[in-house]
Amino acid sequence: MNVTLTINGEQHILTIEPRLTLLDALREYLGLVGSKKGCDHGQCGACTVLIDGQRVYSCLALAAMQEGKEIVTIEGLATGDTLNPVQQAFIDNDGFQCGYCTPGQICASVALLEEVKRGCVSAVTPDLHSPPQLAELSEAEIKERLSGNLCRCSAYNGIVAAVQQVIGQKPPSPVAVVMVSESGNN
């Protein structure tokens, strides 16, 4: 079947098999390999993209069902050579280690910010009638809202710090750990 997909502001006409996932269309048909195939079951979030501004696991979305929608991948977040503020914050805060999950983490973080702006609550929002504002978003809120994106390297502190930077919060300083020997000398 023929399908026209709008990806990162450009239209692409593809001839595909109806069961092709959006992730496979992006990677194999269009060469947009930023979205990663982690689990291929919607359990890790490495394939997260934005569809009409909402985060979607592209491994679970059929490409044929995305006609008429605006799809944004990690490749489409920057404007020319200027990184999206979330991309820059990930660099500034070491929000990655191996980098495999990073594109999905960044797309999910961009969506998180928009969800909060729209007044969406999470499972840890204390008052469902008064959703948090970006400036007051707690670390627990950030972690809950990103819980569908896994990082095998455990770069979670840097990821949370990146989101905090974008919303204007100063991330807490790392606690210095001093090792003391049994003799009491450092």
Side-chain angles (χ1 to χ4, degrees), residues 8 21-23 26-27 32-51 53-61 71-78 82-128 130-179:
N8 302 328
T21 65
L22 177 58
L23 177 61
L26 293 170
R27 294 181 61 79
L32 296 171
V33 296
S35 303
K36 304 299 186 221
K37 186 179 275 198
C39 66
D40 210 20
H41 290 86
Q43 296 174 345
C44 73
C47 67
T48 304
V49 298
L50 304 173
I51 299 178
Q54 296 187 26
R55 60 179 120 179
V56 173
Y57 297 146
S58 61
C59 73
L60 297 180
I71 301 163
V72 178
T73 67
I74 190 70
E75 293 92 345
L77 287 177
T82 304
L83 295 177
N84 177 288
V86 175
Q87 290 172 308
Q88 186 61 56
F90 266 68
I91 293 169
D92 295 345
N93 293 281
D94 294 325
F96 54 89
Q97 286 183 27
C98 82
Y100 196 81
C101 73
T102 305
Q105 295 278 4
I106 289 173
C107 286
S109 296
V110 168
L112 173 158
L113 299 172
E114 292 305 313
E115 290 164 4
V116 173
K117 287 178 189 175
R118 288 194 317 266
C120 299
V121 298
S122 79
V124 298
T125 301
D127 182 358
L128 299 182
S130 179
Q133 301 299 307
L134 283 177
E136 62 192 42
L137 201 60
S138 70
E139 184 176 331
E141 280 275 355
I142 295 168
K143 288 179 178 180
E144 171 61 28
R145 291 170 185 266
L146 292 176
S147 64
N149 289 72
L150 305 178
C151 174
R152 292 179 181 162
C153 301
S154 296
Y156 296 114
N157 291 337
I159 293 166
V160 170
V163 173
Q164 289 174 320
Q165 175 180 313
V166 172
I167 61 177
Q169 294 179 2
K170 184 174 168 85
S173 299
V175 177
V177 177
V178 177
M179 299 300 288

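Start at 1 with the first residue, then count along the sequence.
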Item to complete: Report the C-alpha distance between Val56 and Leu22 in whole Å, list the side-chain angles of each, state the deciding distance to 0.1 Å, and finish with yes or no for side chain to side chain contact (heavy atoms under 4.5 Å, CB included).
Response: CA-CA 10 Å; Val56 173; Leu22 177 58; 5.7 Å; no
Discussion item. Between Glu115 and Gln54, is the side chain to side chain contact (heavy atoms under 4.5 Å, CB included) condition met? List the steps.
Written reply: CA-CA 8 Å; Glu115 290 164 4; Gln54 296 187 26; 5.9 Å; no
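In this structure the side chain of Ile106 never reaches within 4.5 angstrom of the side chain of Asn84, judged on heavy atoms. Inter-residue side-chain proximity for Arg55 and Leu146 is flagged as met; some heavy-atom pair is nearer than 4.5 Å. The closest side-chain heavy-atom distance from Val116 to Ile167 is not below 4.5 Å. Proximity of Leu150 to Tyr156: side-chain heavy atoms (C-beta onward) are separated by under 4.5 Å at one or more points. A 4.5 Å side-chain heavy-atom check between Thr125 and Arg145 finds at least one atom pair inside the cut-off.
Across Gly42 and Cys59, no two heavy atoms sit closer than the pair N-SG, 3.2 Å. Taking all atoms of both residues into account, the shortest heavy-atom contact from Leu134 to Lys117 is CD1-CE, 3.6 Å. Here the closest heavy-atom approach between residue Ala135 and residue Gln169 is recorded as O-NE2, 3.1 Å. Here the shortest heavy-atom pairing between Glu136 and Pro131 reads OE2-O, 4.4 Å. For the residue pair Cys107 and Ile74, the shortest heavy atom distance occurs at SG-N, 3.8 Å. For the pair Phe90 and Thr102, the tightest heavy-atom approach, listed with the atom from each and the gap, is CD2-CG2, 4.0 Å.
Listed by first and then second residue, the salt bridge (charged side-chain N to carboxylate O under 4.0 Å, His left out) pairs that reach into residues 37-51 are Asp24-Lys37, Lys37-Asp40, sequence neighbours excluded.
A distance of 7.0 Å separates CD of Gln97 from OG of Ser154, quoted to the nearest 0.5 Å. Atom-to-atom distance recorded for Ser35:OG and Ile71:CD1 is 10.0 Å, nearest 0.5 angstrom. The CD1 atom of Ile159 lies 11.0 Å from the CG atom of Asp94; values are rounded to the nearest 0.5 Å. In this structure, Tyr57 OH and Gln43 CD are separated by 9.5 Å, a value rounded to the nearest 0.5 Å.
Within the 3.5 Å criterion, the main-chain N or O of Cys47 finds a donor-acceptor partner in the side chain of Ser58. In this structure, Tyr100 contributes its side chain and Arg152 its backbone to no donor-acceptor pair below 3.5 Å. Remark: side-chain polar atoms of Asn93 are not paired, donor with acceptor, to backbone N or O of Gly95 under 3.5 angstrom. Under the 3.5 Å distance criterion, the side-chain polar atoms of Ser138 are matched with a main-chain donor or acceptor of Glu141. Judged by distance alone, with hydrogens and angles left aside, the side-chain atoms of Glu75 form a donor-acceptor pair with the main-chain N or O of Gly34 at under 3.5 Å. Judged purely by atom type and a 3.5 angstrom limit, Gln164 has no side-chain atom pairing as donor or acceptor with the backbone of Glu139.
Put simply, the residue from Val49, Leu77, Ile51 that forms a side chain to side chain contact (heavy atoms under 4.5 Å, CB included) with Val72 is Leu77.
Taking the side-chain hydrogen bond (donor to acceptor under 3.5 Å, both in side chains) definition, one finds that Thr48 meets it with Asn149, sequence neighbours left out. With sequence neighbours left out, the side-chain hydrogen bond (donor to acceptor under 3.5 Å, both in side chains) criterion links Asp92 to Gln88, Gln165.
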